Number of protein chains: 2
Amino acid sequence: MADPQPHRYKHPHPAVAVDLVIFTLLNGQLQLLLIERGIEPYRGAWALPGGFMRIDEDLVAAAQRELVEETGIGEAYLEQVGAFGQPKRDPRERVVSVAYFAILPAHKVALAAGSDAKAVAWHPYSELPELAFDHASIVAAAKAKLAEKVNRTTVALEFLPPEFTLTELQQVFETIRGETLDKRNFRKWAGTLSYIKATGRLRRGGQHRPAALFKPAVKGAMPIPTASLEWTTVATEKSSASEAAAKAQYRRGFEDAVSAINKAFADSSKGVLRALASR
Amino acid sequence: MADPQPHRYKHPHPAVAVDLVIFTLLNGQLQLLLIERGIEPYRGAWALPGGFMRIDEDLVAAAQRELVEETGIGEAYLEQVGAFGQPKRDPRERVVSVAYFAILPAHKVALAAGSDAKAVAWHPYSELPELAFDHASIVAAAKAKLAEKVNRTTVALEFLPPEFTLTELQQVFETIRGETLDKRNFRKWAGTLSYIKATGRLRRGGQHRPAALFKPAVKGAMPIPTASLEWTTVATEKSSASEAAAKAQYRRGFEDAVSAINKAFADSSKGVLRALASR
DNA sequence: CCAAAAGTGTTCAATCTACACCCATGG
DNA sequence: CCATGGGTGTAGATTGAACACTTTTGG
């Protein structure tokens with residue numbers, strides 16, 4: 001009863017943790033949520049939010065639970081990045097970590113910051129501090145993953161509020177791809193997308209012409225292939241038929257060298273968007 | 001000492017297993033290696049080869065070890081598919097499984113079969129039996145992964161011997177993509193690939209014109225992006241500079257519904273090869 | 001009337017796709 | 001000489017990429 005270590009196994013078992021790479025777009029920059037560690041090891045270093053999987057909990061449920069704990073937000077795009085399991089990645093105990101990446105839309109980010117007593121902060125992806133454990137590798141893999149998917153699925157919408165302008169959509173692509181896109185080509189291409197549609201409403205903002213508002217054409221957060229109308233239709237049917245399975249999973253990248261290759265890879269792929277890059 | 005369960009933890013720990021989806025091309029079909037289970041649960045069912053990760057062993061090392069144990073082959077392309085961790089996926093104990101897929105070249109497959117006392121057999125992907133556990137999901141995810149990568153990296157070469165003809169290369173693409181390709185377009189495209197080069201030698205086989213032989217242009221098994229020469233060059237430099245990190249990792253697909261979407265996805269992506277499909 | 005972002009078309013280049021016949025060999 | 005797979009080019013369609021000015025609003 002009072003045994004401090006009541007769980008016994010014939011063979012040694014590793015711990016299984018879930019780490020989250022939570023992306024958002026803030027101030028025109030791709031940012032991610034980090035936690036300052038209050039305990040050893042790596043006390044004072046920044047780390048990805050995460051925690052141990054419970055023994056009766058699905059991996060993705062653990063990721064979702066962590067997301068809620070850190071941000072207060074339960075509805076967000078969540079996708080597996082992969083498993084990271086080098087023996088010495090955690091000096092205390094053998095830990096296999098399954099990384100997920102999440103996307104928070106900018107308009108919900110206010111809620112997310114400071115929901116907890118711990119030191120939690122958004123950091124621009126381009127100016128990350130040194131990270132604890134192997135979290136730099138995880139982040140690199142998640143970013144590669146994100147960059148690839150944004151061109152070929154609807155995940156860009158996950159960064160945006162329910163109504164958005166084409167300029168905002170363009171900024172999502174520009175920020176994640178890290179390059180500027182030609183406005184006319186972008187809008188021409190956006191016009192072919194079946195996953196957004198005009199609301200007919202306008203947003204009147206600053207001292208300039210009001211912008212037409214768009215919204216996702218499909219309800220639900222399931223990111224779907226972009227390219228052609230047929231496929232989009234197929235995917236849509238499927239996704240409504242299997243709402244419960246709606247966590248697409250994905251994994252790419254490993255160490256810095258490999259993720260550099262992966263970056264080249266993503267860029268060189270004939271993504272739907274490649275046409276849009278301007279000089 | 002005689003404690004049958006000497007490993008104790010404060011919190012319950014899952015077991016971590018590694019499962020392998022071992023692909024090859026045999027008789028013009030994509031096939032994968034399955035093991036007939038001799039013990040409960042799922043006794044008599046076919047399952048993916050796999051086993052538990054050792055406590056001091058890297059995940060990928062565990063995968064490699066399993067690969068050698070099952071096939072006797074240590075050198076093969078190996079890539080992470082992702083982590084599968086539903087609570088009830090193994091009825092005995094909580095098991096989180098990290099799946100890898102491997103590619104064996106046809107000319108080594110003879111070695112692979114029957115290397116063990118267990119019932120081991122190649123099964124065509126198109127006629128798989130019922131699989132134990134959630135292995136059907138794992139296989140679907142691995143296949144989606146494979147189909148996507150074959151269009152955008154050099155993994156096709158992993159199916160082939162060190163020297164091969166363009167027809168053989170075309171068959172790899174056709175088999176994995178599940179469609180026939182136009183010979184002239186394929187060869188035109190293959191001519192632009194920087195990752196293969198002609199050996200100058202010929203293979204004289206049946207009663208027909210001899211075929212020119214090609215070989216991989218880059219040594220080492222690291223699969224690299226295809227699209228443009230620049231990127232290929234970059235990737236090549238990187239890959240030789242980081243031989244140790246040469247296990248690219250990747251994960252996509254989850255359950256049948258999602259992997260169906262993923263299939264649509266892969267097909268709809270403007271892959272390098274799309275031009276080659278004939279009616 | 002001025003600043004600021006929204007919005008809009010055309011042209012040229014590159015790649016995609018479809019399609020049919022001759023070639024070299026072994027038997 | 002014939003059966004078999006190896007090998008080759010071209011034209012039309014589609015998509016990619018570059019490029020600059022007008023419109024509408026708020027202040």
Side-chain angles (χ1 to χ4, degrees), chain A residues 28 151-152 160 163-174 177 179-194 196 198-214 226-231 267-279, chain B residues 28 151-152 160 163-174 177 179-194 196 198-214 226-231 267-279:
Chain A
N151 286 339
R152 293 213 298 278
L160 294 172
E163 287 196 323
F164 51 87
T165 67
L166 289 183
T167 300
E168 289 169 338
L169 183 61
Q170 182 174 347
Q171 283 162 354
V172 174
F173 284 92
E174 287 181 334
R177 294 167 56 91
E179 62 188 341
T180 63
L181 303 174
D182 178 84
K183 187 165 45 154
R184 276 172 296 185
N185 289 339
F186 180 83
R187 295 166 101 90
K188 208 184 315 168
W189 175 74
T192 72
L193 295 178
S194 49
I196 62 169
T199 62
R201 293 158 27 86
L202 297 176
R203 178 188 298 164
R204 348 184 50 92
Q207 40 194 313
H208 54 77
R209 186 169 172 177
L213 286 169
F214 290 76
T226 57
S228 73
L229 186 61
E230 306 87 80
W231 285 119
D267 291 359
S268 72
S269 81
K270 314 228 165 163
V272 178
L273 253 191
R274 205 179 54 164
L276 308 178
S278 69
R279 148 194 26 218
Chain B
N151 286 339
R152 294 213 298 278
L160 295 172
E163 288 195 322
F164 51 87
T165 66
L166 289 181
T167 299
E168 288 169 338
L169 182 62
Q170 181 173 350
Q171 283 163 353
V172 173
F173 283 92
E174 287 181 335
R177 294 167 54 92
E179 61 188 341
T180 61
L181 303 175
D182 180 84
K183 188 168 38 158
R184 275 172 298 187
N185 290 338
F186 179 83
R187 296 167 100 91
K188 208 184 316 168
W189 174 75
T192 72
L193 296 178
S194 50
I196 61 169
T199 62
R201 292 159 26 87
L202 297 176
R203 178 188 298 163
R204 351 185 45 96
Q207 41 194 311
H208 54 77
R209 187 168 170 176
L213 286 169
F214 290 76
T226 56
S228 73
L229 185 61
E230 306 86 81
W231 284 119
D267 290 0
S268 71
S269 79
K270 314 229 165 163
V272 178
L273 252 192
R274 206 180 53 162
L276 309 179
S278 69
R279 144 197 27 210

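No hydrogens, no waters, no symmetry mates; every other heavy atom, side chains included, goes into these values. Note that the structure is predicted; figures quoted are calculated from it, not measured.
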Chemist: Identify which nucleotide among C:dA6, C:dA24, D:dC19 has an atom closest to any side-chain atom of A:A211, counting heavy atoms from C-beta outward.
Modeler: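 Of the candidates, C:dA6 comes closest.
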
Chemist: With a 4.5 Å heavy-atom cut-off, do B:E163 and B:E168 have their side chains touching?
Modeler: no

Chemist: With a 3.5 Å cut-off and just heavy-atom distances, do the side chain of B:K188 and the base of D:dT10 make a donor-acceptor pair?
Modeler: yes

Chemist: Check whether the side chain of B:N185 and the base of C:dC16 form a donor-acceptor pair under 3.5 Å.
Modeler: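 Side chain to base: no pair present.
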
Chemist: Rounded to the Å, how far apart are B:W189 CH2 and C:dA14 C1'?
Modeler: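 Whole-Å distance recorded here is 17 Å.
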
Chemist: For nucleotides 1-5 of chain D, tabulate all protein N/O to nucleotide N/O atom pairs closer than 3.5 Å, reporting atom names and distance.
Modeler:
residue: D:dT4; atom: O2; partner: B:Q207; partner atom: O; Å: 2.5

Chemist: Report yes if the side chains of B:I196 and B:F164 come closer than 4.5 Å at any heavy-atom pair, otherwise no.
Modeler: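 Yes, at least one pair of side-chain atoms sits under 4.5 Å.
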
Chemist: Can you list everything that forms a side-chain contact (heavy atoms from CB on, under 4.5 Å) with B:E174? Sequence neighbours excluded, please.
Modeler: B:Q170, B:Q171, B:T180, B:L181

Chemist: Tell me: CZ of B:R203 to P of D:dG7, nearest whole Å?
Modeler: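 B:R203 atom CZ is separated from D:dG7 atom P by 11 Å.
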
Chemist: Measure the distance from CZ on A:F214 to C1' on C:dA6 and round it to the nearest whole Å.
Modeler: 11 Å

Chemist: Determine yes or no for a side-chain-to-main-chain donor-acceptor pair under 3.5 angstrom, with B:T199 supplying the side chain and B:L213 the backbone.
Modeler: yes

Chemist: Using only side-chain N and O atoms of A:R184, determine if any of them is under 4.0 Å from OP1 or OP2 of C:dT8.
Modeler: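 So the side chain of A:R184 is outside the cut-off, no N or O lying under 4.0 Å from OP1 or OP2 of C:dT8.
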
Chemist: Both A:R204 and B:L166 contact DNA chain D. Which one's nearest nucleotide lies toward the 5' end?
Modeler: B:L166

Chemist: Applying side-chain contact (heavy atoms from CB on, under 4.5 Å), can you list everything that pairs with B:A198, at least two apart in sequence or on another chain?
Modeler: B:F214

Chemist: Check the pair B:F186, B:L169 against side-chain contact (heavy atoms from CB on, under 4.5 Å), reporting the backbone distance first and the verdict last.
Modeler: CA-CA 9 Å; B:F186 179 83; B:L169 182 62; 3.8 Å; yes

Chemist: Can you confirm whether more than 12 heavy atoms, excluding those of A:R201, are under 6.0 Å from its CZ atom?
Modeler: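 Incorrect, the count does not exceed 12.
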
Chemist: Would you mind reading off the distance between B:D182 atom CG and D:dG7 atom P, rounded to a whole angstrom?
Modeler: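 Roughly 15 Å, once rounded to whole Å.
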
Chemist: Can you measure B:L169 atom CG to D:dG6 atom P for me and round it to whole angstrom units?
Modeler: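 Distance, rounded to whole Å: 13 Å.
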
Chemist: Mind calculating the distance between CZ (A:R187) and C1' (C:dT10) to the nearest angstrom?
Modeler: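 Spelled out: CZ on A:R187 to C1' on C:dT10 is 18 Å.
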
Chemist: Starting at CG of A:L193 and ending at P of D:dT15, how long is that distance when rounded to a whole Å?
Modeler: 14 Å

